[in-house]
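Quick notes on the structure that follows.
The sequence lines fix the lettering, A, B, ..., with proteins before strands; numbering per chain opens at 1.
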There are 2 protein chains.
Amino acid sequence: MKSSSKFAVAIHILVGLAVVYFRKPQQSVSSENIAWSVNTNPVVIRRILGLLKKAELVKTITGASGGTQIGKNPEDITLFDIYNAVEERTVFHSPYRTPNAECPIGANISTAIAGPLQKAEQALENALSKVTLNEITKNILEQIANKQGD
Amino acid sequence: MKSSSKFAVAIHILVGLAVVYFRKPQQSVSSENIAWSVNTNPVVIRRILGLLKKAELVKTITGASGGTQIGKNPEDITLFDIYNAVEERTVFHSPYRTPNAECPIGANISTAIAGPLQKAEQALENALSKVTLNEITKNILEQIANKQGD
DNA sequence: TTTTTCTGAAACCAAGTTAGTTACAGTATA
DNA sequence: TATACTGTAACTAACTTGGTTTCAGAAAAA
């Protein structure tokens with residue numbers, strides 16, 4: 001199983017936007033700024049922002065002094081929303097070369113495993129939808145505050 | 001998120017071995033035979049069998065008229081055992097380029113999301129471990145029987 | 001003993017995916 | 001009009017994957 005980093009980067013982006021939103025709700029952030037925090041190229045960030053925008057998790061403003069703001073209250077964004085926005089394929093979707101239909105097992109295996117795999121995926125998604133962006137952001141802000149207290 | 005087909009193929013292999021086991025417990029199956037059912041190359045099958053063998057889900061016999069048998073009772077093999085045997089990385093593990101440590105968010109994001117992601121993964125694994133190879137095999141044997149009744 | 005039939009493993013390739021990069025058109029502000 | 005952004009196309013390098021060929025080793029069969 002190979003995972004893309006898109007999900008992790010998307011969480012990172014949204015946490016950053018949430019922090020900005022808490023401090024100054026109308027402020028927008030440039031892709032270059034975000035790229036600095038994530039440690040990558042602004043275009044990589046803009047690509048992911050495009051996906052988040054489609055899901056209405058962020059809104060972007062073009063033109064000078066434009067940038068991105070969070071699209072809704074961090075309370076109302078779950079990890080599943082983010083996951084759903086950036087990861088197009090399901091966990092178990094595989095480019096599984098169609099099994100041999102002449103073989104009784106090959107002919108029936110796909111439907112036999114579809115149910116259980118879907119349930120497992122459902123369980124994953126349920127767990128993700130229980131965690132809000134707000135919680136994660138608060139968690140990070142606490143970590144930062146604690147370190148400053150040292 | 002990109003998935004390999006190894007998990008699906010591994011299930012296919014084990015269902016096949018379970019069917020053989022039910023019919024004739026001491027019979028072993030060649031990788032070529034399995035490859036025919038899966039519709040791929042015997043070497044691909046042997047690669048996956050190697051992983052399943054390490055997990056003691058199958059046992060192989062070398063030499064002429066050798067092959068593979070299931071390693072334990074299908075009742076005692078869960079989808080999680082199979083998943084665990086063939087998929088080395090975790091669902092969310094990403095080659096995430098280390099975020100910028102100079103940024104407070106970058107410095108703290110990894111630990112903040114580790115917990116929730118681990119819980120989600122745990123949920124997935126729990127769901128997988130509730131399904132046995134036996135159930136899937138019986139399901140397939142039923143499907144086959146129903147079709148013959150047409 | 002020799003032949004045959006298997007597994008195990010190395011080595012290689014083609015295809016696909018991903019992150020990163022450059023470049024540039026379009027847009028809105030100052 | 002100059003500036004500072006986004007959006008997007010196009011390209012590349014690195015990596016992963018499944019498929020394939022090849023061969024050494026093992027064990028049964030002849």
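For A:Ile45 and D:dT8, the CD1 to P distance is 16 Å, given to the nearest whole Å. Following rounding to the nearest Å, A:Trp36 (CH2) and C:dG20 (C1') show an atom-to-atom distance of 20 Å. Residue A:Ile48 contributes atom CD1, which lies 14 Å from atom P of D:dT6 at whole-angstrom precision. With rounding to whole Å, A:Lys6 atom NZ is found 10 Å from C:dT17 atom C1'. Atom pair A:Leu49:CG and D:dT8:P shows a separation of 12 Å (rounding to whole Å applied). Following rounding to the nearest Å, A:Asn41 (CG) and D:dA10 (C1') show an atom-to-atom distance of 14 Å. Going from atom CG of A:Leu52 over to atom C1' of D:dT6 covers 15 Å, rounded to whole Å. The distance from atom CD of A:Glu87 to atom C1' of C:dT17 is 13 Å, rounded to the nearest whole Å.
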Contact pattern, 5' to 3', of nucleotides 22-30 of chain D - B, S or - by protein heavy atom under 4.0 Å: ----BBB--
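Taking the side chain to side chain donor-acceptor pair (under 3.5 Å) definition, one finds that A:Asn84 meets it with nothing, sequence neighbours left out. Not a single side chain to side chain donor-acceptor pair (under 3.5 Å) links A:Asn33 to another residue, sequence neighbours left out. Scanning for side chain to side chain donor-acceptor pair (under 3.5 Å) contacts around B:Lys138 gives an empty result, with sequence neighbours left out. Applying the side chain to side chain donor-acceptor pair (under 3.5 Å) rule to B:Gln143 yields the partners A:Thr111, B:Asn139; only residues at least two apart in sequence or on another chain are considered.
Side-chain contact check for A:Thr68 versus A:Val29: every heavy-atom pair is 4.5 Å or farther apart.
Each of B:Gly50 and A:Pro42 lies near DNA chain C, and the nucleotide nearest B:Gly50 is the one positioned closer to the 5' end.
Applying the side chain to side chain donor-acceptor pair (under 3.5 Å) test to every pair with at least one member in residues 118-135 of chain B, sequence neighbours left out, gives these pairs: B:Glu75-B:Asn134, B:Thr132-B:Glu135.
An OP1 or OP2 oxygen of D:dT6 is reached within less than 4.0 angstrom by no side-chain nitrogen or oxygen of A:Thr60. For the pair B:Lys53 and C:dG8, the criterion of a side-chain N or O lying under 4.0 Å from OP1 or OP2 is met. Applying the 4.0 Å criterion to OP1 and OP2 of D:dC5, one finds that A:Ser31 has every side-chain N and O outside that range. Residue A:Thr40 places at least one side-chain N or O closer than 4.0 Å to OP1 or OP2 of C:dG20.
When the options B:Thr78, B:Ile82, B:Leu79, B:Asp81 are evaluated for a side chain to side chain contact (heavy atoms under 4.5 Å, CB included) with B:Leu128, the one that passes is B:Leu79.
Listed nucleotides D:dC5, C:dT21, D:dG19 differ in distance to B:Arg47; the shortest reach to its side chain belongs to D:dG19.
No contact: A:Lys59 has no heavy atom under 4.0 Å from any strand.
Listed for the B:Asn108 side chain is no donor-acceptor partner under 3.5 Å among the backbone atoms of A:Ile140.
Near DNA chain D, meaning a heavy atom under 4.0 Å away, there are no residues from residues 17-24 of chain A.
Atom CG in A:Leu141 sits 7.0 Å away from atom CZ in A:Phe22 (nearest 0.5 Å).
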Show which side-chain atoms of residues 44-67 of chain A pair as donor or acceptor with protein atoms under 3.5 Å away, not counting sequence neighbours.
{"from": "A:Arg46", "atom 1": "NH1", "to": "A:Ser31", "atom 2": "OG", "distance (Å)": "3.0"}
{"from": "A:Lys53", "atom 1": "NZ", "to": "A:Thr60", "atom 2": "OG1", "distance (Å)": "3.4"}

